[in-house]
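Numbering of residues begins at 1 and proceeds along the displayed sequence.
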Amino acid sequence: MMGRLSDRVLSWIDSSLAAFGHGFILAWTKVERSYRRPFSRIALWLKFAFYPLLALGAIGWLAWDWSHARSLNSAEDAIFDRVVQWRPFEPQPSGRVVVVEIDECSIEYFRARNEGGWPWSRQRHADLLDQLDRAQVRAVGYDVLFVDSSPGDPAGDESLEAMARGGGGRFVFSSTRLHPDYDEGSPLRASQAPAAFSLQLSPRFDPQVALLLPYGEAMARFSAIANVTRNADGVLRDIPLRETAGDWALPSLPLRLATTATARAPGDFAAAVRPNWRQDTRLPRISAADLLTGQPVCRDATATPPALKDRVALVGYTASGLNDAKPTPVDPVMPGVEVLAEATEALIANSAIRSPPAWLKYVIAMLLATLTAFAFYRGEPATDIDSVFVAANVTMLTAAFLGLTFFGFFFDIFASVGFVSLIFGLCRLYAGIQRGRAVGNGDFLREFAPDRDRWLAIARLRFVPDVQLDARAAARRRREYRRRLRRFLYAGSDAVMLEGVVERKSWLHEALDDLMVLVWHGETEAAARAAARQDLARLERQLAEYDARLSDDGSVRLAFACAEIDDGAADSDRGERRRLRELVGQAVAATSESPLARRTVFFDPADVSSGGS
């Protein structure tokens, strides 16, 4: 009893789902036809002009984007952030750059001893520099602004200025480049800025520049620009190494430290650097309180402090309340001193991220978009090309990912590949519309009506390679012939192409891949034959034009049949589907065939009979 009940329930579910599915497909077909048929009419009007127009549009957009917003660059920046975060390995720091942190622990330590909170006295900063000098550091970058002297600590001001004089350029202090709107009233020329260097052999243009320099003469002389410019999206990826003013360049703090540590000329470095940003393997660091006291005040007593001898140290505050955080690809609130330290590390250890020129991604996108459009313009490529396209893209993306992970080279082609994939998808979509018309899909053109189009003409086309060709050459010629035939049909024809009867890569397809069946319909036999005659004549002319440019080394053979399908008979044993199958079978199995150039033998009125030919 329960078994019969469950069977009835399952039967009801199956029939309900079948009815729902059938109704849904019918409704969805109406939706598809509402937009596919208009697109089909557009495709019939444009024909293959769509592909060069698409290529020109892609090239035009890329050229506009390069000269305006540079969206590909912005996309690459966002992708770079993800790749840096997702890579399984990070480069280890060289140890040549050390961060001296003015952190919460250091500030609280002196506050608890009633020696003042933040800001620290100038004397304490001088003492910190003295400790670094005693540790025999190679150079120090001080990421703290000392714009005005301290009225309450004149001795400390003098001590700090004395450290700057005694350092002889080893201690580099921070300055700030003001907005260019303030340049006009500045007494300082670009050539007079600290450590300014010319960009021309004979510099002439020497504009005014507005800088906030440290208060002391030696501190100002040994200073460099510490403020950095973010990328367009607000994230700091590339750190400028100089500020251009006329024919002169003003060095940044990392650049001046690098020239001091490496003895290289500032002009030998690029205009900007992209550090190999890391979030786990951070640069060596030590708290300022530990350095000032010589005791493990802030660090674990069992931990070994980083070596300072012959190192480049950057001093700056990392305490969260001091508001010096910068958004970077790996940390949205990275302390400014750590940003400068990463840039200095990239210059000194030669660990900067290298990338090809920005214009290269645009050139690649232009070339690949043009190549894609040209491939479809010649005729729809086989669907195998989709897998090849995906595999090539995955290979390039994998190479770019590995290059950044292991070699510090970011081949920024991700956005270019995405753009070309869009072009490829549009080409495949348009080719699908052309194919829909060519195979007679009712979603793309008026459906066949047997009561109106009672006569069908069927042509079997067979490509016969020349006998002197080997098997491989013959296969290539056959593939080229099919491409030319598809292009003819996709451009607009009264014929319907029959394909998909046999899976393309099956063994049976090998025996049938040289055949193509075309079908025409008409209200009368004369109309069906006239449509076939006209299309076959155009096909012969087009194949001849192709052959003049690129020989196909073969001939096209034609077999033809024409018959009335809907004769009005009501006999059930010979329905219309059966009659159509017989007609198709007659054309496919025909042993009598003629070269396409001599097709007129099939249209001689003496050969026409009411049953077919």
Side-chain angles (χ1 to χ4, degrees), residues 93 95 97-137 139-164 166-167 171-174 176 214-216 219 226 253 279-280 282-309 311-326 331-342:
V97 175
V98 178
V99 176
V100 180
E101 300 180 288
I102 303 177
D103 51 8
E104 290 93 339
C105 176
S106 298
I107 295 174
E108 185 59 32
Y109 173 77
F110 289 103
R111 180 186 291 114
R113 294 170 59 88
N114 294 322
E115 296 181 13
W118 185 262
W120 283 354
S121 67
R122 300 292 167 80
Q123 184 61 54
R124 184 167 298 147
H125 288 293
D127 292 342
L128 186 56
L129 272 179
D130 182 61
Q131 290 296 326
L132 290 169
D133 188 33
R134 293 174 184 275
Q136 302 180 27
V137 294
V140 177
Y142 221 97
D143 186 27
V144 178
L145 283 174
F146 301 107
V147 178
D148 300 314
S149 57
S150 176
D153 189 15
D157 285 343
E158 179 54 35
S159 297
L160 198 56
E161 172 69 4
M163 289 298 302
F171 305 147
V172 182
F173 295 85
S174 295
T176 298
Y215 65 87
M219 295 168 65
L253 186 64
Q279 54 186 346
D280 297 321
R282 302 174 67 187
L283 296 172
R285 60 197 60 236
I286 184 173
S287 292
D290 293 350
L291 196 59
L292 285 167
T293 62
Q295 302 293 328
V297 173
C298 296
R299 73 173 189 272
D300 186 351
T302 61
T304 303
L308 295 175
K309 183 178 180 181
R311 303 307 196 264
V312 174
L314 280 101
V315 182
Y317 35 82
T318 61
S320 57
L322 299 184
N323 194 24
D324 188 38
K326 306 289 191 300
D331 187 353
V333 288
M334 180 176 285
V337 64
E338 191 168 351
V339 171
L340 298 176
E342 287 285 5

(message) Among residues at least two apart in sequence or on other chains, which ones pass salt bridge (charged side-chain N to carboxylate O under 4.0 Å, His left out) with Glu158?
(response) Arg165

(message) List the residues meeting salt bridge (charged side-chain N to carboxylate O under 4.0 Å, His left out) with Glu101, not counting sequence neighbours, and say none if there are none.
(response) Arg285

Please round to the nearest 0.5 Å and tell me the distance separating atom [atom1] of [X] and atom [atom2] of [Y].
X	Y	atom1	atom2	answer
Tyr215	Glu161	OH	CD	6.5 Å
Cys298	Glu104	SG	CD	9.5 Å
Met163	Arg122	CE	CZ	15.0 Å
Glu342	Met334	CD	CE	6.0 Å
Arg124	Leu160	CZ	CG	13.5 Å
Leu291	Ser106	CG	OG	9.5 Å

Measure across [X] and [Y] and return the closest heavy-atom pair with its distance rounded to 0.1 Å.
X	Y	value
Val98	Pro306	CG1-CG, 4.0 Å
Ser174	Leu145	O-CD2, 3.5 Å
Asp103	Ser287	OD2-OG, 2.7 Å
Pro151	Ser149	CD-O, 3.3 Å
Leu132	Ala313	CD2-CB, 4.2 Å

Less than 4.5 Å apart, side chain to side chain, heavy atoms only: is that true for [X] and [Y]?
X	Y	value
Asp331	Gln279	no
Ser121	Ser150	no
Val100	Val140	no
Leu314	Leu283	no
Asp133	Phe171	yes

(request) Please say which of Tyr109, Tyr317, Phe146, Phe110 ends up in a ring-ring contact (aromatic ring centres under 6.0 Å, His included) with Trp120. (result) Phe110

(request) Without swapping roles, check the side chain of Asp290 against the backbone of Val297 for a donor-acceptor pair under 3.5 Å. (result) yes

(request) Check whether any side-chain N or O of Arg311 sits under 3.5 Å from a backbone N or O of Lys309 as a donor-acceptor pair, and report yes or no. (result) yes

(message) Testing the 3.5 Å rule here: is there a donor-acceptor pair between the side chains of Gln123 and Asp127?
(response) yes

(message) My understanding is that only one of Thr318, Asp143, Ile107 makes a side-chain contact (heavy atoms from CB on, under 4.5 Å) with Ile102; could you say which?
(response) Ile107

